[in-house]
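Worksheet for the structure shown next.
Because only heavy atoms are used, hydrogens play no part in the values below, and waters and symmetry mates are left out as well, while side chains stay in. In what follows, chains carry the letters A, B, and so on, assigned in the order in which the sequence lines appear, proteins first and then strands, with residues in each chain numbered from 1.
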Amino acid sequence: MKPTIATRPALHAPQGRYLKERLIQGVLFSCAFLAVVVTAITIWLFLSGSGIFFAKVSLGEFLGGTRWAPTDLSTPSYGALPLIVGTLIITGIALLVAVPIGLLSAIYLSEFASERVRKVAKPILEILAGIPTVVYGYFALLFITPLLRSVLPEIQFWNALSAGIALGIAIIPLVSSLSEDIIYAVPRELREGAYALGATKYETIRSVVLPAALSGIAAATILAMSRAIGETMIVAIAAGRVPTWPPDLLKPLETLTVHIVNVATGDAEAGAFIWATIFAIGALLFVMTLLLNILSYWIVRRFREQYE
Amino acid sequence: MSAQTLPRDRRSLTWRKAKSTLFGSLTFSTILISFALLVALIVYILINARPLMAMRAASRAGLVVSTMIIQWDAKNLPYVIVNDFVPESEAARAGIGEFDAIIHIGSQTVYRSAQVWEAIAHLPQETLPIGWISGDPTKIFGDLQMDPQTGAIRVAIDLPEESLGFRAGLRPGDILVQIEDIPVTGSRQAWEALIVAAQRKPQPGPLAVQIERDGEFLTIALDAEQTAQIPITRSWARAIWDFLTSFDSNSPERAGLASAIVGSFYLVGLTALFALPIGVGAAIYLEEYATKNPLTELIQLLIVNLAGVPSVIYGIIGLEILARALKMDRVLLTGALTMTLLILPMVIIAAREALRTVPDSIRQAAYAVGATRWQVVRSHVLPYALPGILTGLIIALSRAMGEAALLILLGAFQYLTFIPGLRDYFTVIPIQIFTWIGEAKDGFANIAAAAIVVLLAILLVLNGLAIFLRIRFQRRW
């Protein structure tokens, strides 16, 4: 490039230029401030919406009742326990699938894999993460359930087990990538110290690397749990959309998120009381996932400070 | 870590080393499990999508079929009918009309619509040898009347001479006793008996009908089943084109993705339009302008938290605030705005990371020649960060492309037979898949699988684009 002389003078008066800068900064700030606005609206919306719900239903009945029948015209009942327990069951199954597979994959990727294998294995997990959840729902309903039926003949067409397993497959990448980051972050010195003492690779991983990464793995598990609680489509497709009490793995069940889908796809008119239920359920969902997210964020932050 | 002591293993070193190898293989096997699951998923979806070609070929030939059930003493006997008349089609030319029952294809008896598609997929030549029974019983027996005293089923006086029954020797006043070995007990049941009796034959042929005429029992050979050769054009290209360009329908052979594809691209395009400036603006503010103060801290914390909020929650916000309180209704624009809220945290986080990779020396050089803060950002930082920002945006958009839960709340749960516009009700591909999975009729599971293939192909292209951007414009400082 030819050297040119930068002599172009400021065309605007300094005053105008300053004003323009302030204006742009204001616009950029309002973009960022949107996060505060959205959160405030969310909290206000769920508080006021739940207000309508809890004016009619007591908190005790909502959290302790075992019959969820908001569409029953003669004797409606608003005990959300079947939904809460249903959500926890599905989440539990999903974690039982995702945590062992995800964690062992993470250990393999960070401790055993050669660079070439890593280059193949990581994209596979990323592809699994990128598959939309309706696809997992389809897979659960039409592939996993028939497969389970060959072992458990009494399993029903819609059931909690296959939905939970599919959800677990869907969150394997989340668990593995988060845990891998954390296991990878364990300083080399710790491993080398163990090797110097004569430990084998397995002993090093079991007694040094995993304990050092434990808080991070816990954070990853909590984040996966929060994802599982908020997951909607897999459960809506494969778990049957019917609240059952007592819950049974081989039978249909309903989760918090699925109730919201049921109301949205139902034919209730705007303003009907059933719409108030989605605020109470939504608020519960929001609080549950928020607490889990904050907990895992806090654990990760605390952990990171250890080595930096 | 200092207090940690290694467990003492008294066994031989060989054993301890073997344990390491064993554990390594165990961890490796989990990768294989993930891989196997991915392969199983994709293969299963492809297998399920395979009948699409035959279904489309059948529908083009006029054979839009569905499975029906005859209920006889607690038994469900399935059979196949043509449930949609397509004028000008090959089937219409052969005389096959609505409600006609398809009994045989070649020498194979068909009970379910899936068998028709299966047969078409495996035809050795481009014609379909089909045997069917008219769905209009009067064309066979004329009007049947039940004798009020005896309950006998009698052929009425007005039996047309061109009817199949008359040609087989049936005359007005005859009583139908049995068809093959099935006793005739009702006028509708007589037709059903024909179907069931014909299904028992290995191929189209006359059925033995026992009748009572003037107190005498006679057996006539009734050629109820007509046969024809229907030309079939089998082509994957045509099938895929038809599938992508037709609207939703009650018949899986005719249902397509047109409205859903347009809806999806419209929605994701609008979402990109909204999310890119806002997300980049927020990221620039947080990276380049914000000072460390409690408000900045709060904004950062809220963005991280908003990234973890389940999508149904955003759906409720969009529904109650945008669609109802602001009276925007559940239309495409509302969907795009709500989707923007969902992916904004992702876009902001990715954009911040991209901005952070631009080294400070670039900024300082620009400041040194007298640039203002905005000039530094616009002309120096943003151009370098742009590939990273776009990669993050595309990954967020592919999430939006596959998102269904949020849009169900915003009314994308629609049966559309038009191309949606900005202020129209709409549907998107994932919702269309969800709707089709919920349909009980044979064939909807297959087109749901085909729609999944389309969705995955779109996502593959999007992600390929992101990878291309990353590799093409990646810079190391």
Report which part of [X] has an atom under 4.5 Å of a heavy atom belonging to chain A: side chain, backbone, both, or neither.
X	value
B:Ile321	side chain
B:Leu344	side chain
B:Gln375	both
B:Leu410	neither
B:Leu22	neither
B:Arg330	side chain

Contact part of [X] toward chain B, heavy-atom cut-off under 4.5 Å: side chain, backbone, both or neither?
X	value
A:Thr289	side chain
A:Gln25	both
A:Trp158	neither
A:Leu109	side chain
A:Ile124	both
A:Leu141	side chain
A:Leu125	side chain
A:Ile278	both
A:Val135	both

Answer yes or no: is there a donor N or O on one side and an acceptor on the other, between the side chain of [X] and the main chain of [Y], under 3.5 Å?
X	Y	answer
B:Asp329	B:Ala323	no
B:Glu288	B:Tyr285	no
B:Glu297	B:Ile299	no
A:Thr232	B:Ala405	no

If you tally heavy-atom pairs under 4.5 Å against chain A, which of [options] wins?
options	result
B:Gly315, B:Ser398, B:Ala449	B:Ala449
B:Ile316, B:Ile317, B:Asn305, B:Leu409	B:Ile316
B:Leu301, B:Leu306, B:Ile303	B:Leu306
B:Val304, B:Ile433, B:Val369	B:Val304

With chain B as the partner, which of [options] has the greatest number of non-hydrogen pairs under 4.5 Å?
options	result
A:Leu285, A:Leu142, A:Val261	A:Leu142
A:Phe33, A:Phe112, A:Tyr136	A:Phe112
A:Gly230, A:Ala35, A:Ser30	A:Ala35
A:Leu292, A:Ile237, A:Thr257	A:Ile237
A:Ala236, A:Ser226, A:Ala32	A:Ala32
A:Ile169, A:Leu223, A:Ile172	A:Ile169

Hey, does the Lys NZ or Arg CZ of B:Arg373 hover above the aromatic six-ring of B:Tyr289, less than 6.0 Å from the centre and inside 45° of the axis?
yes

A:Arg22 NZ/CZ over B:Trp374 ring centroid, <6.0 Å and within 45° of normal:
no

So B:Trp436 and B:Phe444, would you call those rings parallel, tilted or perpendicular, with 30° and 60° as cut-offs?
tilted

Can you tell me how the ring of B:Tyr44 sits relative to the ring of A:Phe139, calling it parallel under 30°, perpendicular over 60° and tilted otherwise?
perpendicular

Donor-acceptor pairs under 3.5 Å, side chain of residues 32-42 of chain B to any protein atom, not counting sequence neighbours: which ones?
from    : atom 1 : to      : atom 2 : distance (Å)
B:Ser34 : OG     : B:Thr30 : O      : 3.3

Quick one: do [X] and [Y] make a salt bridge, cutoff under 4.0 Å?
X	Y	result
A:Arg191	A:Glu111	yes
A:Lys122	A:Glu126	no
A:Arg118	A:Glu180	yes

Look up atom CZ in A:Phe286 and atom CG in A:Leu45, then write down how far apart they are to the nearest 0.5 Å.
10.0 Å

Working to the nearest 0.5 angstrom, can you tell me the gap between B:Asn463 CG and B:Met401 CE?
11.0 Å

side-chain contact (heavy atoms from CB on, under 4.5 Å) between B:Met346 and B:Ile395, intermediate numbers included
CA-CA 9 Å; B:Met346 272 179 268; B:Ile395 288 168; over 6 Å; no

